[in-house]
2 protein chains.
Amino acid sequence: MGWMKKRTARQIDYQALAGFRYEIRRYLRFGQQAARAAGIDAQQYQALLAIKGLPRSEKATVGALAEQMQIEHHSAVELSGRLERHGWIRRARSRADRREVLLHLTPRGERLLENLSLLHRRELRSAGPRLIEALGAAIHRRIVVAD
Amino acid sequence: MGWMKKRTARQIDYQALAGFRYEIRRYLRFGQQAARAAGIDAQQYQALLAIKGLPRSEKATVGALAEQMQIEHHSAVELSGRLERHGWIRRARSRADRREVLLHLTPRGERLLENLSLLHRRELRSAGPRLIEALGAAIHRRIVVAD
DNA sequence: TCCCATTATATCGTATTACGATATATATGC
DNA sequence: GCATATATATCGTAATACGATATAATGGGA
């Protein structure tokens, strides 16, 4: 049987895997364009969302932002610098632990986040089923969306 | 009722939206690290997958790559240039339409793609349910994964 | 109490890359 | 055949994540 490819190999459904990534990219692309139209960078919108959407139990520090955004600590420093320069967040040294810097949205940041989030939720409702179907195909699982 | 916020506004579940984006970032991050460990850029792996996973009906041209990757045509030119320089794909002028350039994987590219795709499928199987649950929460739908 | 390891944030130079503007080649419709 | 559309290519620019490194604050044990 030396002529056979490895068993696992021939079982890979490249079309399905590619399809799933494609759907993700489409969603991310939508986000980029919506953000740009609103005058903000896509990643910066996501950062606002990450800060606002943090569980109550977690403090919105620079480190928490880094973890949420899956970037390095110092990249989060720069990111929050950009957010503050645009007037969407404010930084404040924590009193409890003076190493920490707490981030919170300004009213302007809140408004922007709200508007964009509405668009995102709408897009997700329409793109969600396609995403889910593509994911199901990629892992060979049947997935059902109820309401 | 002027004191009320807009109805839609208060209904936004920021935690759920943020959670979904977080799960996506985690998955993308996994891909970046897996790719890096395999000696390839995450985006370049995705490009290989996009080329290989194209429906039979579509030709693997530079333009098709651009659409699959959701980038501009000239960015796809540069991307395929990088892929070729690394020896993972080859370009060939199309005979049918000499404007087009057809892309196909080299054996080396195929091997790399196969190895990484196996990892990705495995990760998707484990991360998929979390992703789906987060998506469901974001759009307020109950979703069931069967087998 | 003092020291040192740890944690949190910050700065700077570098490398990568997507993009806009632009160019060239080929195909197609009238 | 010629104008227009399509496909790929080139180049300069801007943005940004990262590694290396620095500073500040905390906390635990001798």
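Throughout, protein chains are lettered first and strands after them, A, B, ... in sequence-line order, and every chain is numbered starting at 1.
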Which atom pairs, one a donor and one an acceptor, fall under 3.5 Å between side chains of residues 73-85 of chain A and the rest of the protein, sequence neighbours left out?
from    : atom 1 : to      : atom 2 : distance (Å)
A:Ser80 : OG     : A:Ala76 : O      : 2.9
A:Ser80 : OG     : A:Val77 : O      : 2.9
A:Glu84 : OE1    : A:Arg91 : NH1    : 3.2
A:Glu84 : OE2    : A:Arg91 : N      : 3.2

message: Any residue in residues 76-83 of chain B with a heavy atom nearer than 4.0 angstrom to DNA chain D? Just list them by number, or reply none.
response: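 Result for residues 76-83 of chain B: B:Val77, B:Glu78, sorted by number.
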- request: Residues of residues 20-41 of chain A with any non-hydrogen atom less than 4.0 angstrom from an atom of DNA chain D: list those, numerically ordered, please.
  value: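 Result for residues 20-41 of chain A: A:Asp41, sorted by number.
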- prompt: Closer to the 5' end of DNA chain C via nearest nucleotide, is it A:Thr61 or B:Ile71?
  reply: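 Final value for this comparison: A:Thr61.
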Let me check something: any side-chain donor-acceptor pairs from residues 128-145 of chain B under 3.5 Å, sequence neighbours excluded? List them with distances.
from     : atom 1 : to       : atom 2 : distance (Å)
B:Arg130 : NH1    : B:Glu23  : OE1    : 3.2
B:Arg141 : NH1    : B:Ile139 : O      : 3.1

field: Considering all heavy atoms, the nearest B:Ala50-B:Leu65 contact
entry: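 Distance-wise, the nearest heavy atoms are CB-CD1, 4.3 Å.
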task: Please collect all ring-ring contact (aromatic ring centres under 6.0 Å, His included) contacts where either partner lies in residues 30-62 of chain B, sequence neighbours excluded, each pair once.
output: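 Only B:Phe30-B:His120, B:Tyr45-B:His120 qualify under ring-ring contact (aromatic ring centres under 6.0 Å, His included).
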- prompt: So which pairs with a foot in residues 94-118 of chain B pass ring-ring contact (aromatic ring centres under 6.0 Å, His included), sequence neighbours left out?
  reply: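 ring-ring contact (aromatic ring centres under 6.0 Å, His included) check on residues 94-118 of chain B returns no pairs.
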Rounded to whole angstroms, how far apart are [atom1] on [X] and [atom2] on [N]?
| X | N | atom1 | atom2 | answer |
| --- | --- | --- | --- | --- |
| B:Glu72 | D:dT8 | CD | P | 14 Å |
| B:Glu67 | D:dT6 | CD | C1' | 16 Å |
| B:Gln44 | C:dT17 | CD | C1' | 10 Å |
| B:Met69 | C:dA18 | CE | P | 8 Å |

According to side-chain contact (heavy atoms from CB on, under 4.5 Å), who are the partners of [X], at least two apart in sequence or on a separate chain?
| X | value |
| --- | --- |
| A:His86 | A:Gln44, A:Trp88 |
| A:Leu105 | A:Leu48, A:Ile51, A:Lys52, A:Ile89, A:Glu110, A:Leu113 |
| A:Arg93 | A:Arg98, A:Val101 |
| B:Pro55 | B:Ser57, B:Glu58 |

field: Audit row: A:Glu72, B:Arg29, salt bridge (charged side-chain N to carboxylate O under 4.0 Å, His left out) steps and yes/no
entry: CA-CA 12 Å; A:Glu72 298 298 317; B:Arg29 182 75 165 175; 3.3 Å; yes
task: Look at B:Gln43 and C:dT16 and indicate whether a side-chain polar atom (N or O) is within less than 4.0 Å of OP1 or OP2.
output: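 Answer no for this pair, as no side-chain N or O of B:Gln43 is under 4.0 Å from OP1 or OP2.
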Atom pairs under 3.5 Å: protein N/O with N/O of nucleotides 21-27 of chain D:
from   : atom 1 : to      : atom 2 : distance (Å)
D:dT26 : OP1    : A:Arg98 : N      : 3.1

query: Taking only residues two or more places apart in sequence or in another chain, which ones pass salt bridge (Lys or Arg N to Asp or Glu O under 4.0 Å) with B:Arg99?
result: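 Per chain and number, B:Arg99 pairs via salt bridge (Lys or Arg N to Asp or Glu O under 4.0 Å) with B:Asp97.
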